[in-house]
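First listed ligand is number 1; within each ligand, the first listed atom is number 1. This structure is a prediction, so every number in the text was calculated from the model and none was measured.
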Amino acid sequence: MNDLDSPDITRGDTLGIFAQTALAVDMFDAAREMTANVAIPFPRDAFRDVILCGMGGSGIAGDLLVNAYWQRLRKPTRAFRGYMLPAWAGESTLVVASSYSGSTEETLTCMMDAVDRTCPVMAITTGSKLRDHYVPQNIPVFDVPPSPMPRAALVQMLTTLALSLDRLGVIELHPGELEDARDTLEAAIDRYGPQRPESENPAKQIARKIQGTIPLIWGGEMTSSIAYRWKCQINENANLPSFWADIPEHNHNEIVGIEGHGRADLRASVVMLRDPRQHRQVERRFEALTKLIDGRIAPVIDVVASGQGTLGRIFDLVLLGDYVSLYLAVLDDVDPGPIEMIDRLKATLAEGLYGRLAIGR
Ligand code: F6R
């Protein structure tokens with residue numbers, strides 16, 4: 001469908017990803033209320049460091065949190081993807097397992113490993129395997145509001161993670177930060193949602209500009225994980241290849257590859273995700289990059305986060321990227337919901353005993 005202002009724009013969205021995205025404020029409110037009501041049976045000083053485990057659409061909440069709050073983290077905290085916790089994880093490491101479905105084998109394996117090592121643990125999920133197994137063991141399980149797909153549950157997963165870590169003193173949310181986040185979500189849905197015509201909708205305009213290209217999404221500091229989120233959403237919602245990079249690291253390697261863009265017969269585009277609070281040198285790097293790549297890649301799109309607080313600014317750019325990926329799907333007549341390749345891979349792996357044994361042990 002070429003008309004992004006058509007009232008039928010969501011017709012091909014069989015799982016309701018557009019509708020779920022528009023529920024962001026409700027998801028935020030519900031996650032706030034739920035998180036406040038879960039008892040955490042260990043004190044703030046029960047751990048020295050934190051590992052946030054999760055994969056894909058659930059794992060990204062950990063990256064966003066660590067990248068955005070790294071200067072406000074009170075304890076060493078890292079996001080982790082994979083099966084095995086690092087050797088240093090022990091009884092003074094808080095392990096947070098985030099799995100929307102509650103059945104992702106990497107995350108479940110980490111959770112079991114953490115329990116074996118007597119780490120304090122918590123789970124963020126909707127899924128019965130994580131919930132049913134750990135609630136009876138007096139392990140806090142944050143049961144997030146449902147969504148048609150894990151990646152469309154980011155608002156509630158991230159809100160829950162931020163609020164639970166705030167309760168535990170790992171981060172300290174600023175006064176007014178939650179209200180600003182809520183207002184920013186509301187404004188983002190209004191600015192980027194399907195009801196807003198293309199002539200005044202930045203998400204529709206960006207999708208139109210990058211359609212038919214391989215989008216390279218560049219971020220730095222807080223926006224680096226948001227760049228990764230954009231890439232994943234373009235992959236999963238629009239079924240398209242996309243790549244991301246982190247500034248300044250990108251400036252030490254990937255930048256040179258831009259020279260071969262034409263030679264490799266690629267048609268890439270660049271989206272730069274900026275944040276008004278970025279380090280001055282990161283800002284300067286974005287500006288210098290814009291000049292350097294001029295004439296080599298087009299279009300180059302510059303986006304700056306709106307919102308006052310950290311959480312709000314994350315939500316603004318995340319929602320913009322989510323909508324860009326959905327409009328890309330519309331333009332290519334792709335159903336944004338199904339993720340056939342992931343499902344097929346998970347089914348193949350489940351044929352072995354690993355996944356079932358992992359939780360049943
Ligand atoms: C699906 C999605 C995936 C999943 C990932 C892990 O929408 O985004 O990346 O998030 O396969 O599954 P969960 O989140 O259920 O642990």
(request) Under 4.0 Å from a heavy atom of G56: give me the atoms of ligand 1 that qualify, with their elements. (result) 9 (O), 10 (O)
(message) Keeping Q20 on the side-chain end and A153 on the backbone end, is there a donor-acceptor pair under 3.5 Å?
(response) no
(request) Output the list of atoms in ligand 1 that are nearer than 4.0 Å to some heavy atom of K346, sorted by atom number. (result) 5 (C), 6 (C), 11 (O), 12 (O)
(message) Taking 4.0 angstrom as the limit and counting only heavy atoms of S99, give me the atoms of ligand 1 inside it, by number and element.
(response) 13 (P), 15 (O), 16 (O)
(request) Before signing off on this row, confirm whether G57 and ligand 1 have an N or O atom pair separated by under 3.5 Å. (result) yes
(message) Hydrogens and angles aside, do D246 and S224 bring a side-chain donor and acceptor to less than 3.5 Å of each other?
(response) yes
(request) Just let me know how T107 lines up against ligand 1, side chain, backbone, both or neither, with a heavy-atom cut-off below 4.0 Å. (result) neither
(request) Could you tell me which atoms of ligand 1, counted from 1 in the order shown, lie closer than 4.0 angstrom to a heavy atom of M149? (result) 7 (O)
(message) For N253 and E249, which I'm curious about, is there any donor-acceptor pair between the side chains at under 3.5 Å?
(response) yes
(request) Within a distance under 4.0 Å of any heavy atom of R151, pick out the atoms of ligand 1 and give their elements. (result) 1 (C), 7 (O), 8 (O)
(request) Using distance alone, decide if ligand 1 has a nitrogen or oxygen within less than 3.5 Å of any nitrogen or oxygen in S101. (result) yes
(request) Report yes or no: do Q281 and R284 form a side-chain donor-acceptor pair below 3.5 Å? (result) yes
(request) Would you kindly check if the NZ (Lys) or CZ (Arg) of K204 is within the cone defined by 45 degrees around the ring axis of Y323 and under 6.0 Å from the six-membered ring centre? (result) no
(message) For T213 and S269, which I'm curious about, is there any donor-acceptor pair between the side chains at under 3.5 Å?
(response) yes
(request) Consider only side-chain N and O atoms of R72 and T310, and report whether a donor and an acceptor are under 3.5 Å apart. (result) yes
(request) Scan side-chain atoms only and decide if T223 and Q278 contain a donor-acceptor pair under the 3.5 Å cut-off. (result) yes
(message) Could you identify the single nearest non-hydrogen protein atom to atom 2 (C) of ligand 1 and state the distance to 0.1 Å?
(response) E236 OE1, 3.1 Å
(request) Measure the distance from atom 13 (P) of ligand 1 to every protein heavy atom, then report the residue, atom name and distance (to 0.1 Å) of the closest one. (result) T104 OG1, 3.2 Å
(request) Among all protein heavy atoms, pick the one closest to atom 14 (O) of ligand 1 and tell me residue, atom and distance. (result) S58 OG, 2.5 Å
